[in-house]
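Reading through the structure tokens given below for one structure.
What's counted below: heavy atoms across the whole structure, side chains too, no hydrogens, waters or symmetry copies. In the text below, chain A, chain B and the rest are named by the order of the sequence lines, each starting its count at 1.
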Number of protein chains: 2
Amino acid sequence: MVTGSKELIRDINTNLVLETIINNTAISRAAIAKHLGLTKATISAIVQELINKKLVIEIGSDDTNLGRKPILLSLHKKAGFVICIDIGVDTISALISDLIGEDCSLKQIKTPKNTSNIVNVLIDLIESMKLPKDTPYDLVGITLGIHGVIANNQVSFAPYYNLSGINIAEGLESHFNAPVYLENEANLSVIGEKTFQYDYANIANISVHSGIGLGIIVNHQLYAGYNGRAGEFGHTIIEIDGKQCPCGNKGCFEQYASERNLLHEYTKMKNSEEQSFEQFRVAYEAGDLDAYKIMDDFVKYMSIGVNNILNAYNPDIVIINSSFTIFFPHITEKIESALTSRMNSYIRIVPSVLQDTSILLGGICVAIKGFLGVDNLKLNHINLRG
Amino acid sequence: MVTGSKELIRDINTNLVLETIINNTAISRAAIAKHLGLTKATISAIVQELINKKLVIEIGSDDTNLGRKPILLSLHKKAGFVICIDIGVDTISALISDLIGEDCSLKQIKTPKNTSNIVNVLIDLIESMKLPKDTPYDLVGITLGIHGVIANNQVSFAPYYNLSGINIAEGLESHFNAPVYLENEANLSVIGEKTFQYDYANIANISVHSGIGLGIIVNHQLYAGYNGRAGEFGHTIIEIDGKQCPCGNKGCFEQYASERNLLHEYTKMKNSEEQSFEQFRVAYEAGDLDAYKIMDDFVKYMSIGVNNILNAYNPDIVIINSSFTIFFPHITEKIESALTSRMNSYIRIVPSVLQDTSILLGGICVAIKGFLGVDNLKLNHINLRG
DNA sequence: GACATTAGTTTATTCATCAAATCAATGACA
DNA sequence: TGTCATTGATTTGATGAATAAACTAATGTC
């Protein structure tokens with residue numbers, strides 16, 4: 001039960017001050033006070049505390065033309081560092097970052113066939129990377145991106161690899177002495193998009209891969225449903241008595257609009273061996289009519305999916321993350337014009353810019369938010385290197 | 001910007017105390033302190049304030065077998081009264097209630113063809129009813145149930161009557177000097193179900209009438225999307241290139257599962273004049289095979305809708321409110337067994353008990369919550385009379 | 001009638017906010 | 001060069017709400 005107390009007030013205001021400092025990059029005490037509607041005395045006290053904790057630093061004066069020059073405050077971005085590991089079906093990717101998502105370094109390995117030893121694999125992976133030295137807090141959080149359903153920080157259902165029953169979080173936590181956050185990949189993706197790219201209050205992010213995932217932001221917060229199964233949008237039905245889906249349903253969305261299905265249809269047209277996306281792309285750019293037909297199908301099915309998302313969640317913006325939108329970003333305009341319902345309000349449909357980095361960047365955010373206690377993070381500078 | 005302050009602490013704790021008193025019907029100061037984890041001193045101070053404001057009364061001692069007998073506290077349910085008016089397409093229903101949803105009185109009139117004068121119609125309706133006398137606060141809130149989309153306490157889109165552009169809330173507020181809350185009918189419905197019947201954290205409530213509405217409770221709160229259009233589930237597509245819907249789409253859910261469509265299909269089978277639900281019901285109970293076929297369709301389409309709701313919102317419970325479930329409540333079991341996806345977690349599918357009173361009772365709750373500042377209301381006793 | 005037990009109140013303390021005064025720094029201007 | 005207006009930041013005292021601990025109140029038991 002969250003009741004009111006002095007500590008609660010301080011917590012709320014401290015987090016707001018931190019949030020204000022981060023989201024404004026550099027800001028003075030006076031400006032924070034004005035922004036939050038708190039008195040300068042309060043802000044001074046809170047800032048002093050944050051400076052003592054080495055979470056905030058003074059970075060010199062701003063250039064104003066009247067009165068005393070303000071002292072600019074900034075997050076001490078090297079106070080510690082965070083790690084996100086995306087456990088993909090084929091590849092495990094690890095990203096180390098400072099506290100604002102800058103100065104990242106990436107390492108990738110193959111996902112082992114047998115995942116029973118996953119905790120040790122992850123420990124070895126992290127220890128093989130160059131970790132920042134001599135920071136006040138060192139490693140302050142690890143996020144794991146999982147292709148599956150998470151409940152209570154544990155994998156409760158993962159169709160592509162067997163992680164259920166293994167307590168990954170605890171294993172890593174006790175070894176690194178830092179909090180470990182498990183999260184669904186589609187959820188991390190939308191958090192990454194919100195934090196680094198599209199700062200809207202309500203976002204739907206569709207990830208089209210072999211299946212289809214959906215991450216939802218509602219009122220600036222991740223919406224995961226009561227046991228983490230919300231946004232299993234790939235298994236909503238868009239065709240009565242439609243194509244059989246392995247899940248047991250007939251006519252699931254991902255049996256139509258997934259990359260796997262569309263390439264499969266393309267292969268059938270070509271009557272050849274399994275076609276890759278790259279082969280499809282080359283053919284499309286060469287003006288191949290079959291490829292055009294497949295792209296039309298993608299637009300048609302995706303517009304149905306987007307219509308259903310609009311009527312279910314009513315977001316401000318829909319982001320589509322897929323190979324199709326990476327190579328043909330203007331396809332989102334076609335999807336938008338394929339929407340037919342007069343019930344829909346005005347909406348933006350955009351291709352993902354972060355593409356396959358959105359999961360890792362989203363994981364970085366989760367760990368940073370967890371460490372700093374900040375609710376609504378907004379970061380800008382991205383600089384990925386291998 | 002919500003910042004921390006002394007007043008915020010008191011507000012939070014006062015609302016928690018009120019909530020505890022209401023949801024426990026009668027409870028002592030000591031028990032409240034234990035329940036909330038606050039000290040007895042704090043609770044005593046807050047309760048004294050509430051008694052002074054005539055919102056809480058002492059109702060005698062409880063019978064315990066050891067120590068001093070506790071003084072039981074209760075909400076002063078006659079401190080004021082609230083009104084909900086459901087503006088239906090054909091009928092306007094008004095319900096007056098005390099502050100716990102007991103002691104209600106109902107009045108219904110026909111919806112006027114011309115709704116330009118709606119404010120005066122509502123004022124006349126309210127003033128023609130017997131309002132409680134000599135209460136400390138008198139009328140403390142009016143909720144209007146609207147068959148349409150609400151944004152900023154105004155009707156932004158209503159397909160069945162023309163209310164856009166009329167500032168109903170302001171007109172009533174200035175006349176009765178009480179806050180007026182506009183809300184979508186499907187949203188009120190789910191609030192009513194949650195408060196009076198099914199106390200779950202995550203609820204989906206499907207209202208099947210001529211169209212199909214959906215009210216969603218997420219984490220104990222109504223989920224309405226950023227401009228009130230979430231839950232327009234009737235216009236999600238369940239059939240590619242399906243039946244034409246007036247909204248512009250093809251294959252909308254409500255073109256299949258709505259009462260209007262199913263009766264229309266039944267009429268076509270019978271090759272007669274338009275069949276009513278009553279005619280359908282009589283035939284079904286007489287063993288008519290066409291009626292059985294229609295009911296099978298209802299189960300089939302509804303199970304698709306429920307599947308999509310589960311994968312979109314992941315609620316704890318799905319409530320179905322329709323003529324079909326009123327007369328054949330066990331049909332929800334058939335719908336449940338028609339679910340095929342192994343992605344779905346365990347779920348309860350139940351028929352609405354409140355039926356057509358859910359909107360009015362939900363509206364009563366909205367007004368009570370607004371007046372008392374209570375977040376999570378739980379009420380029990382229902383006693384409707386005409 | 002002493003005592004254990006529970007309910008509720010009183011009192012002193014703590015702590016975070018606020019308002020107002022004060023100190024600090026800086027450019028404008030005479 | 002020195003005064004002043006202006007803005008930034010800190011200090012000080014007051015306020016209010018929570019807490020802990022002591023105290024009063026009420027009641028049944030032995």
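- A salt bridge between A/Asp199 and A/Lys194 is present, with a side-chain N of the basic residue lying under 4.0 Å from a carboxylate O of the acidic one.
- Among the heavy atoms of the strands lying under 4.0 Å from B/Ser44 is at least one base atom, whether or not backbone atoms are also near.
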- [ ] At under 4.0 Å between heavy atoms, which parts of nucleotides 21-30 of chain D does protein reach? Answer with one letter per nucleotide, 5' to 3': B base, S sugar-phosphate only, - none.
- [x] ----BBBS--
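- For B/Leu73 against B/Ser28, the heavy-atom pair with the smallest separation is CD1-C, 4.4 Å.
- Surrounding CG of A/Asn152 are at most 12 heavy atoms belonging to other residues, nucleotides or ligands under 6.0 Å away.
- Across all strands shown, B/Thr39 has heavy atoms under 4.0 Å from base atoms, whether or not it also approaches the sugar-phosphate.
- Summary of helix geometry: the two end axes of the helix from C/dG1-D/dC30 to C/dA30-D/dT1, each defined by five base pairs via their C1' atoms, are inclined to each other by 30° (rounded to 10°).
- In this model, the phosphate group of D/dT19 is approached by a side-chain N or O of B/Thr42 to a distance below 4.0 Å at OP1 or OP2.
- At whole-Å resolution of the value, CG in B/Leu36 and P in D/dA18 are 11 Å apart.
- The distance between atom CG of B/Asp11 and atom P of C/dT17, rounded to the nearest whole Å, is 16 Å.
- Regarding contacts with the backbone of C/dA16, every side-chain N or O of A/Asn13 stays at 4.0 angstrom or more from both OP1 and OP2.
- With sequence neighbours excluded, the residues forming a salt bridge (Lys or Arg N to Asp or Glu O under 4.0 Å) with B/Glu58 are B/Arg29, listed by chain and number.
- Aromatic rings from B/Tyr137 and B/Phe371 are positioned such that their centres are separated by under 6.0 Å.
- When side chains are defined from C-beta on, B/Ile100 counts as touching B/Leu75, because their heavy atoms get closer than 4.5 Å.
- Per the geometry, CD1 belonging to B/Ile43 stands 13 Å off P belonging to D/dA20, to the nearest Å.
- Residue B/Ile9 places its side chain closer to D/dA18 than to any other of C/dG8, D/dA18, D/dA9.
- As rounded to whole Å, 12 Å separates atom C1' of C/dA16 from atom CG of B/Leu8.
- Among C/dT17, D/dT19, C/dG8, the nucleotide with an atom closest to any side-chain atom of B/Leu38 is D/dT19.
- Between A/Asp98 and A/Lys78 a salt bridge is recorded (basic side-chain N to carboxylate O distance below 4.0 Å).
- A/Lys34 has its NZ atom 8 Å from the P atom of D/dG8, to the nearest Å.
- At least one donor-acceptor pair under 3.5 Å links the side chain of B/Asp316 to the backbone N or O of B/Asn202.
- We find that NZ of A/Lys6 is positioned 13 Å from C1' of D/dT15, with the value rounded to whole Å.
- Here C/dA7 is the nucleotide among C/dA7, D/dA9, D/dT15 with the atom lying nearest to any side-chain atom of B/Ala30.
- Looking at heavy atoms from C-beta onward, A/Leu144 lies in side-chain contact with A/Leu172 at the 4.5 angstrom threshold.
- For B/Lys378 and B/Glu19, the salt-bridge test fails: no basic side-chain N is under 4.0 Å from an acidic carboxylate O.
- Residue B/Gln48 contributes atom CD, which lies 12 Å from atom P of C/dG8 at whole-angstrom precision.
- Put simply, CD1 on B/Ile46 is 15 Å from C1' on C/dG8, counting in whole angstrom units.
- The phosphate of D/dG16 has neither OP1 nor OP2 within less than 4.0 Å of any side-chain N or O from B/Arg10.
- With distances taken from any side-chain atom of A/Ile71 to the nucleotides C/dT9, C/dA7, D/dA9, the minimum falls on D/dA9.
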